[in-house]
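Small disclaimer: the values here were computed from a predicted structure and weren't measured. Hydrogens, waters and symmetry mates are skipped; everything else that's a heavy atom, side chains included, is used.
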Amino acid sequence: MKRSVDARRVVFDIVPHRLLTTREKREIQQAARRYAAHLGVEPEVVYAEP
């Protein structure tokens, strides 16, 4: 997973090896929100095709 940070947001580039379930995507979103809140920025989660 790559992370790039600017002054306002953090981008998580997710490259799964299979299709993710709705639950897995929700867990990823929650983790991204927690991490971004720690940094004081907005999260953006981007999924690549498996």
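With a 4.5 Å cut-off on side-chain heavy atoms, R33 and H38 do not count as touching.
T22 meets the side-chain hydrogen bond (donor to acceptor under 3.5 Å, both in side chains) test with no other residue; sequence neighbours excluded. E42 is linked by a side chain to side chain contact (heavy atoms under 4.5 Å, CB included) to R9, counting only residues two or more places apart in sequence or in another chain. Listed by chain and residue number, E27 satisfy the salt bridge (Lys or Arg N to Asp or Glu O under 4.0 Å) test with R23 (two or more places apart in sequence, or in another chain).
Atoms OH and CG, on Y47 and D13 in that order, are 11.5 Å from each other to the nearest 0.5 Å. Taken to the nearest 0.5 Å, the CD atom of Q29 stands 11.5 Å off from the CZ atom of R34. The structure places CG of L20 at 8.5 Å from CD1 of I14, a figure rounded to the nearest 0.5 Å.
The two residues A32 and P43 make their nearest non-hydrogen contact at O-CB, 3.7 Å.
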